[in-house]
2 protein chains.
Amino acid sequence: MAGMGSTTSAAGGTRPLYRQIKLLIVQDLQAGVWKPGEMIPSEWDLADRFGVSQGTVRKAIGELAAQHLLQRRQGKGTFVATHAEQATRYRFLRLAADDGSQRDLTRRLLQCQRLRADPDVARPLGLRSGDAVVFVRRLLLADSRPVVLDDIWLPARLFGDLTAERLAAYEGSMYAMFESAFGVRMIRAEEKIRALAAPAEAAALLGVAAGAPLLSVERRSLTYRERPVELRRGLYRTDAHHYRNELL
Amino acid sequence: MAGMGSTTSAAGGTRPLYRQIKLLIVQDLQAGVWKPGEMIPSEWDLADRFGVSQGTVRKAIGELAAQHLLQRRQGKGTFVATHAEQATRYRFLRLAADDGSQRDLTRRLLQCQRLRADPDVARPLGLRSGDAVVFVRRLLLADSRPVVLDDIWLPARLFGDLTAERLAAYEGSMYAMFESAFGVRMIRAEEKIRALAAPAEAAALLGVAAGAPLLSVERRSLTYRERPVELRRGLYRTDAHHYRNELL
DNA sequence: AAGTGGTCTAGACCACCTG
DNA sequence: AGGTGGTCTAGACCACTTA
């Protein structure tokens, strides 16, 4: 019997069925029913559970894969997306060397401490000013030369246990650590980019003259349900690198 | 009879059917069989022509719509995407006012002339140095204050007839003019972003001190089949605006 | 061989728009 | 009322991976 209509399922309003399925899957992802890197049930399995056809589950999963919440692997299964992979490790790093070289960046941790959030930090994070945050300052170096100075603020409610030691010990990307050590998976981010004259302190750390032009990249990272989980203010040297972007 | 397999159609190798359909549609788009803004045949119509099911055509169109080559409108039909629309007019303009205001930008044309391409211009455009190009310099103003200085190079082979008069006369966006007046539809673009100290000439035009930090945005625009059709070097004042980006 | 995602079909019905 | 895109189903078969 084809064409049962779109409001057959119990919960949900007039949304198409596959949208409702999508929501149910996202809820399970958010609840941690399946952890990053793990395989989720097969399309047929989910179809049985939800009482819909395989095609409907497939469409829901398709959209979630397009949003990078899930990852499909033919013949293997569908997996919860993770930052702990060589392949997707640079999805959020838009810095590229002008000469096209792919050299890895080195991290140097400068600070890691608990602070009270200024209004300028609290607002983008959805906190109240004075709320506890973890502040991290670090340098990224290419070929031993400093390229990026990052200031990072994280809500202490989520990242209270973060210490310099744990940060220094971790091998993979920061976002990989967030998801494996704190259960916080970064989904997408918004950035505001400006050019500014290097303040004295930043200039010294980056090895440029005070007042030299730097790229200012302010990033707000969001997890499931658009919840902000990170504020990052980066200063980029762009004398041998650039920020690459694609307009689609 | 279901499941005819994926290599039933005459042309094409082992690609899935819907990919082959996609190619056929792109070929027609590129050939100008349907012009920007026009409606293409219905899914059922195309399915009949290509000898496949409606679902297969639908999947092909779905991917083309995701790439912004086509636009679907429920109840109306599927249309060739166009830059001549209020809705998609700012798809490639990433500049936003810091205070969130949506004020329109004013254009002021400064130059429009034919030149021989320097190597730095020729290479990204896929030309040989010395080839003829049309050079355009213009200013974008917000609230009568200059914000962007754009230098634009276009292959004369495609845009030979472009003059200051025609540019000044045109109402819509530049890309809308390209597609309606020259039959060149811009599909996607790559940008390289840097911070630099304002050169004297640019500083004067933008109303900032020489040496003030500016955002440098180099854009390479491509049409069908990844063919480069525009090189644009913009200098942005970011004291009251910023370049917004989303990381997905 | 068995399990998984990927493709394709055929048919039904819904939602939206136009005349 | 008729056309168009949008959703849903049921079933078949293909392609890839693992055992």
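Protein chains get the first letters and strands the later ones, always in sequence-line order, with residue 1 at the start of each.
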Not counting sequence neighbours, which residues clear side-chain contact (heavy atoms from CB on, under 4.5 Å) with A:E226? List them please. A:R188, A:L222
Those residues of residues 37-46 of chain A lying under 4.0 Å from DNA chain D by at least one heavy atom: none
Distance test, side-chain N/O of B:T56 to OP1/OP2 of C:dT9, below 4.0 Å: yes
Neighbours of DNA chain D within residues 60-77 of chain A, by heavy-atom distance under 4.0 Å: A:Q74, A:G75, A:K76
Output the distance between atom OG1 (B:T78) and atom CG (B:L69), rounded to the nearest 0.5 Å. 12.5 Å
When the ring centroid of B:F92 is compared with that of B:H83, is the distance short of 6.0 Å? yes
What pairs of donor and acceptor atoms, side-chain ones from residues 54-61 of chain B against any protein atom, are under 3.5 angstrom apart with sequence neighbours left out?
{"from": "B:Q54", "atom 1": "NE2", "to": "B:E43", "atom 2": "OE1", "distance (Å)": "2.9"}
{"from": "B:T56", "atom 1": "OG1", "to": "B:S53", "atom 2": "OG", "distance (Å)": "3.4"}
{"from": "B:R58", "atom 1": "NH1", "to": "B:E43", "atom 2": "OE2", "distance (Å)": "2.8"}

Excluding sequence neighbours, so at least two apart, what forms side chain to side chain donor-acceptor pair (under 3.5 Å) with B:R19? B:E63
Quick check with a 6.0 Å cut-off and a 45 degree axis cone: is A:R233 positioned over the face of A:W153's six-membered ring? yes
Take the protein atom NZ of A:K59 and the nucleotide atom P of D:dC8, then report the distance between them rounded to whole Å. 8 Å
Length of the CD-P vector between B:Q54 and D:dT9, whole Å: 16 Å
What is the separation between atom CZ on B:F79 and atom C1' on C:dC16, rounded to the nearest whole Å? 13 Å
Under 4.0 Å: is that the gap between some side-chain N or O of A:S53 and OP1 or OP2 of D:dC8? no
Does B:R58 have a side-chain nitrogen or oxygen under 4.0 Å from the phosphate oxygens OP1 or OP2 of D:dG5? no
Residue set satisfying side chain to side chain donor-acceptor pair (under 3.5 Å) with A:D28, at least two apart, ordered chain then number -> none
If you measure from the Lys or Arg side-chain nitrogens to the Asp or Glu carboxylate oxygens, is any gap between B:E85 and B:R73 under 4.0 Å? yes
